Protein chains: 2
Amino acid sequence: MELITEGEPSDFLHVLTAGAVDLFATWEGRRSSLATVLPVSTFILAATIRDAPYLMSAVTLEKSRIVLIPSQDVRRVFGEDGDFARAIVAELAGCYRALVKAQKNLKLRSAQERLANLLLRLQVEAGGAAEISLPFEKRRLASLLGMTAENLSRTLRALRRHGVAVDGARVRITDRAALERLARPSPLIDDPLT
Amino acid sequence: MELITEGEPSDFLHVLTAGAVDLFATWEGRRSSLATVLPVSTFILAATIRDAPYLMSAVTLEKSRIVLIPSQDVRRVFGEDGDFARAIVAELAGCYRALVKAQKNLKLRSAQERLANLLLRLQVEAGGAAEISLPFEKRRLASLLGMTAENLSRTLRALRRHGVAVDGARVRITDRAALERLARPSPLIDDPLT
DNA sequence: GGCGTCGCTTGACAATTATCAACCAAGCTC
DNA sequence: GAGCTTGGTTGATAATTGTCAAGCGACGCC
């Protein structure tokens, strides 16, 4: 379900309380996913604050519950309530840092390295289980990683030489050390998916 | 001159009042410029707010004047002064939006398209003059655009077929319509350089 | 069951981009 | 002026990534 479309004025701050949302952007017929929003989290906070048009579009990925707060109210309460202001600015700074990491990931690493690092992170998130399952549709995953679905498919197979066994959406990390040798994860780039 | 290095704790908010600063990141021997800071502007604001390590390094590009404000003070005054808080959050939201645009630029466009759009923007910034000069070293420009210096050099020549004449750092846009046909600029992606 | 649709994979191929080495021109230093 | 250094360009080549088309298997629907 389409929630917002890039270019529209930002009338409401959105808060996701249940479900999942894909943030994406388009240009000249191309489309790229920029982030996945999971509860509880706001989105398009920056547009709300600056009273500027949305830069991204948003669709729900599943049945979701979303709270809409009029942007004017957000800006008004920001001036009245110091704790609210602090919460807003902390959230925004966190989003900013996540984006810087994404930018570094994209500009400094190859597609294979990005994928390898994602798998390592997924494993951490899964509590270290050897077998994990990809959290979303591969097409979307590819877009988030900045590659095509075909390239993801091939790259996933190529990681077999680096301690990864793939079967559909199920992935087994058979040799974490080998994968880390390829991925070279860094806390200054790799982010919790949140 | 090296101002900050990624990974270090963020003790000071930096404010550039004169000169120019390059923000870049490194990983495994690779290096990529993420932004150029021009006066008057803050940098590493998000790290200051979250009291988290720097994600980027910063070097001066020329003789510069930089004001350092202890991060604790920034966080304290944020709670005491509503106008200050509003200014901070507006600045941060602006940086965030600039970064989203950069991300879209990188993920949705080819190197040639990114370069073409940059030239168009430079011309606007130069008040529409037919002849403009590239604002920084080509090597850094290439890095900002997410490509190698060699690729920039070749792509610049390739733009001759699209209304661009190049002579070293001087660029003449001879056919803006043709260049726009290739570049397809969009206010939802292309940003003032600030 | 038969038949679409959909997501994913694979193959063949092309475009894009990077790498490496050589070279050039300008600006310095001695 | 000779020799360095530096930033930029060019050529040859390779690696990476994308495109297009076909095929496969699972699923839902009639």
Side-chain angles (χ1 to χ4, degrees), chain A residues 20 22 24 26-33 36 59 61-62 105-119 133-162 164-171 182-183, chain B residues 20 22 24 26-33 36 59 61-62 105-119 133-162 164-171 182-183:
Chain A
D22 180 45
F24 67 95
T26 59
W27 179 74
E28 293 292 314
R30 295 170 218 173
R31 169 184 171 138
S32 180
S33 288
T36 304
V59 292
L61 293 168
E62 50 188 86
N105 197 28
L106 211 54
K107 289 183 82 175
L108 291 169
R109 306 215 267 223
S110 70
Q112 192 181 42
E113 289 161 343
R114 294 197 295 275
L115 177 56
N117 277 292
L118 178 82
L119 295 182
S133 66
L134 299 179
F136 358 81
E137 216 176 64
K138 283 192 182 168
R139 182 188 312 242
R140 234 170 58 72
L141 184 57
S143 184
L144 284 165
L145 287 169
M147 57 177 115
T148 59
E150 292 94 328
N151 195 12
L152 171 61
S153 187
R154 281 185 255 264
T155 305
L156 215 35
R157 293 200 62 203
L159 286 184
R160 287 193 304 190
R161 326 210 130 286
H162 302 276
V164 175
V166 187
D167 170 37
R170 312 180 69 78
V171 177
L182 172 75
Chain B
D22 180 45
F24 67 95
T26 60
W27 181 75
E28 292 292 315
R30 295 170 217 173
R31 169 183 171 139
S32 179
S33 288
T36 303
V59 291
L61 293 169
E62 51 186 87
N105 197 28
L106 210 55
K107 289 183 82 174
L108 292 169
R109 305 214 267 224
S110 70
Q112 192 180 46
E113 289 162 343
R114 294 197 295 274
L115 177 57
N117 277 293
L118 178 82
L119 295 182
S133 67
L134 300 179
F136 1 79
E137 217 176 63
K138 283 192 183 170
R139 183 186 311 240
R140 236 170 57 70
L141 184 59
S143 185
L144 284 165
L145 287 169
M147 57 177 117
T148 59
E150 293 95 326
N151 195 12
L152 171 62
S153 187
R154 281 185 254 265
T155 305
L156 215 36
R157 294 199 62 203
L159 285 184
R160 287 193 304 191
R161 324 211 132 286
H162 300 277
V164 175
V166 188
D167 170 37
R170 313 180 68 78
V171 177
L182 172 73

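Everything quoted here is computed from the prediction, not taken from an experiment. Every chain is numbered from 1 and lettered A, B, ... according to where its sequence line falls, protein lines coming before strand lines.
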Working to the nearest 0.5 angstrom, can you tell me the gap between A/Arg157 CZ and A/Leu152 CG? 13.0 Å
Between C/dC8 and A/Glu150, counting only base atoms on the nucleotide and side-chain atoms on the residue, is there a donor-acceptor pair under 3.5 Å? no
Nearest whole angstrom, please: distance from the P of D/dG8 to the CZ of B/Arg140. 11 Å
In this structure, how many angstroms lie between the P atom of C/dT16 and the CZ atom of B/Arg109, rounded? 16 Å
Between D/dT19 atom P and A/Asn151 atom CG, what is the distance in whole Å? 10 Å
Atom CG of A/Leu134 and atom C1' of C/dC8: how far apart are they, to the nearest Å? 12 Å
Under 4.0 Å: is that the gap between some side-chain N or O of A/Arg157 and OP1 or OP2 of C/dT10? yes
Roughly how far, to the nearest 0.5 Å, is CZ of A/Arg154 from OG1 of A/Thr148? 7.5 Å
From the options D/dT9, C/dT17, C/dT9, select the nucleotide whose nearest atom is closest to the side chain of B/Lys138. D/dT9
Taking only the side-chain heavy atoms of A/Ser153 (C-beta and beyond), determine which of D/dG18, C/dT19, C/dT10 contains the nearest atom. C/dT10
Selection from C/dT19, D/dG18, C/dA18 that lies nearest to any side-chain heavy atom of B/Met147: C/dA18
Please tell me if A/Thr148 has a side-chain N or O lying less than 4.0 Å from either OP1 or OP2 of D/dG18. yes
Rounded to whole angstroms, how far apart are CD on B/Glu113 and C1' on C/dT17? 14 Å
What I want to check is whether an N or O donor and acceptor connect the side chain of A/Arg154 with the base of C/dG11 at under 3.5 Å. yes
Protein-nucleotide distance (B/Arg114, atom CZ; C/dT17, atom C1'), rounded to Å: 10 Å
Check whether the side chains of B/Thr36 and B/Asp22 place a donor and an acceptor atom closer than 3.5 Å, and report yes or no. no
Kindly point out which of D/dT10, C/dA12, C/dG7 is positioned nearest to the side chain of A/Glu137? C/dG7
Can you tell me how far C1' of C/dT19 sits from CZ of B/Arg30, to the nearest Å? 12 Å
Tell me what A/Ala149 touches on the nucleic acid: a base, only sugar-phosphate, or nothing, going by heavy atoms under 4.0 Å. nothing
Nearest heavy atoms of B/Leu144 and A/Lys107, plus distance in Å: O-NZ, 3.1 Å
Distance-only, no hydrogens or angles: does the A/Ser110 side chain make a donor-acceptor pair with backbone N or O of A/Glu113 under 3.5 Å? yes
Could you give the CG-to-P distance, from A/Leu156 to C/dC8, as a whole number of Å? 11 Å
